[in-house]
Amino acid sequence: MLRLAIQKKGRLSDDSLKLIKECGINFSKGGGTLKATAYNFPIEFLFLRDDDIPGYVEDGVADIGIVGQNVEQEHVTDTNSLLELGFSKCRLSIGVPREMDYQGIQDLDGKDIATSYPNLLGKFLKEKGVSAKIHEISGSVEIAPGIGLADGVCDIVSSGSTLISNGLKEVEKIFFSQAVLIGSKNLSAEKQEILEKLLFRINAVLAARNTKYIKLNAPNDSIEKITSLLPGVKSPSVSPLAKEGWSSIGSVVKENEFWEVIENLRDAGAEGILVLPIEKIIH
Ligand code: ATP
Ligand code: MG
């Protein structure tokens with residue numbers, strides 16, 4: 001049995017649970033429980049605060065865990081970084097009051113910066129040769145300058161709207177983060193084997209993200225043109241239609257790339273274009 005720690009409630013929870021579900025792993029979670037066991041895969045879940053997850057994985061209380069890279073890197077622990085998961089993308093940035101005439105990083109010299117990320121901020125300031133004072137607080141960092149607690153902040157940003165609504169502007173982006181699967185360094189052979197199976201499934205799910213299966217009809221004399229237009233396609237499948245001189249072309253494409261060439265496909269004679277979802281891709 002493998003033990004996976006995921007965030008109990010917050011910005012990682014929904015996407016973590018969705019990933020598990022897409023891996024075909026089912027469990028029922030009674031409200032407020034700390035633990036659950038899957039009924040069709042040898043895995044159990046611990047629901048925890050995200051900050052506690054790296055420590056629990058290091059101690060072996062959990063075997064693997066899903067956290068943001070910001071938390072993984074801030075809590076310096078002896079764990080393996082197994083796989084980037086592509087969700088909960090955000091960045092750690094420095095913000096200063098909007099009215100400050102900020103010219104560059106040297107303007108932070110001698111300033112007081114409030115953050116919940118003293119390690120990541122300290123590392124960044126050291127690299128840049130800036131000596132600012134780090135004021136560690138555990139929450140509501142963005143209000144610190146407004147109440148006179150600090151001159152600036154270093155906090156998680158995604159759209160930047162929290163900074164703006166607190167009269168701050170983003171001046172330095174210091175770390176880019178996404179959710180990551182971390183693992184204990186001391187897994188038994190049995191657990192390692194279950195982990196391999198889980199990674200196989202997660203990779204199949206991640207590979208299918210943002211991809212679609214496209215199917216279209218085309219006159220035979222435009223097959224070559226159309227396949228050359230389909231982005232990243234090595235060998236599409238081409239099969240004859242009942243209608244004389246026409247074929248059906250099918251292929252896997254990246255959705256965002258596909259929209260860029262749709263007009264050209266139609267100009268080249270493509271008709272009846274179907275775009276279908278893909279659940280998993282096994283490489
Ligand atoms: P907990 O109660 O578990 O300690 P928390 O309040 O520390 O939760 P959340 O705000 O739920 O944490 O964020 C969890 C993680 O999600 C962050 O560490 C970061 O990696 C990521 N994250 C934070 N804010 C955003 C955002 N606006 N957009 C996308 N991802 C984010
Ligand atoms: Mg937290």
Side-chain angles (χ1 to χ4, degrees), residues 3-22 29-36 44-59 61-77 79-95 113-124 134-145 149 152-183 202 205-206 209-210:
R3 213 177 234 194
L4 166 63
I6 52 185
Q7 191 191 23
K8 187 175 165 66
K9 189 166 177 290
R11 290 198 154 100
L12 290 159
S13 337
D14 287 353
D15 285 333
S16 300
L17 293 174
K18 184 166 155 247
L19 180 64
I20 298 302
K21 197 170 166 215
E22 286 174 339
K29 183 177 171 235
T33 51
L34 186 74
K35 246 171 91 172
E44 59 183 5
F45 306 92
L46 289 184
F47 303 102
L48 302 167
R49 294 223 25 209
D50 68 342
D51 315 71
D52 298 333
I53 292 176
Y56 277 131
V57 171
E58 181 179 39
D59 295 344
V61 174
D63 301 309
I64 54 174
I66 297 176
V67 286
Q69 286 166 322
N70 52 319
V71 167
E72 178 202 25
Q73 303 279 323
E74 177 64 27
H75 299 249
V76 186
T77 53
T79 53
N80 286 328
S81 194
L82 300 171
L83 188 62
E84 291 182 347
L85 300 173
F87 59 82
S88 295
K89 288 192 174 163
C90 57
R91 57 190 185 271
L92 190 63
S93 291
I94 296 177
I113 305 176
T115 189
S116 310
Y117 296 89
N119 284 331
L120 286 171
L121 175 60
K123 205 171 129 215
F124 175 79
I134 299 175
H135 196 116
E136 184 178 354
I137 50 179
S138 63
S140 303
V141 171
E142 65 285 351
I143 65 165
L149 189 68
V153 301
C154 171
D155 204 6
I156 293 294
V157 174
S158 63
S159 70
S161 59
T162 309
L163 286 183
I164 292 168
S165 62
N166 285 283
L168 302 169
K169 60 182 176 186
E170 185 177 8
V171 292
E172 302 287 340
K173 299 174 182 176
I174 75 171
F175 183 82
F176 289 84
S177 179
Q178 60 174 288
V180 64
L181 187 71
I182 59 170
I202 294 176
V205 171
L206 296 183
R209 292 253 161 101
N210 189 33

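Remember, it's 1-based here, ligands and their atoms both numbered in the order they're listed. Just so you know, these numbers come straight off a predicted model, no measurement behind them.
Note: angle at the Mg ion (ligand 2), from OD1 of Asp51 to OD1 of Asp50, is 80° (rounded to 10 degrees).
The environment of OH in Tyr56 is sparse: at most 12 heavy-atom neighbours from other residues, nucleotides or ligands sit within 6.0 Å.
Here Gln69 pairs with Glu84 under the side chain to side chain donor-acceptor pair (under 3.5 Å) rule; sequence neighbours left out.
For the pair Phe45/Leu17, no side-chain contact is recorded, criterion being any heavy-atom separation below 4.5 Å from C-beta on.
Atom NZ in Lys8 sits 10.0 Å away from atom OG in Ser13 (nearest 0.5 Å). With values rounded to the nearest 0.5 angstrom, Glu142 atom CD is found 7.5 Å from Ser165 atom OG. Summarising the geometry, atom CD1 belonging to Ile182 is positioned 11.5 Å from atom CG belonging to Asp63; distances are rounded to the nearest 0.5 Å.
Closer than 4.0 angstrom to ligand 1 by heavy atom are Gln7, Gly10, Arg11, Leu12, Arg49, Asp50, Asp51, Gly68, Asn70, Val71, Ser88, Lys89, Cys90, Ile156, Ser158, sorted by chain and number.
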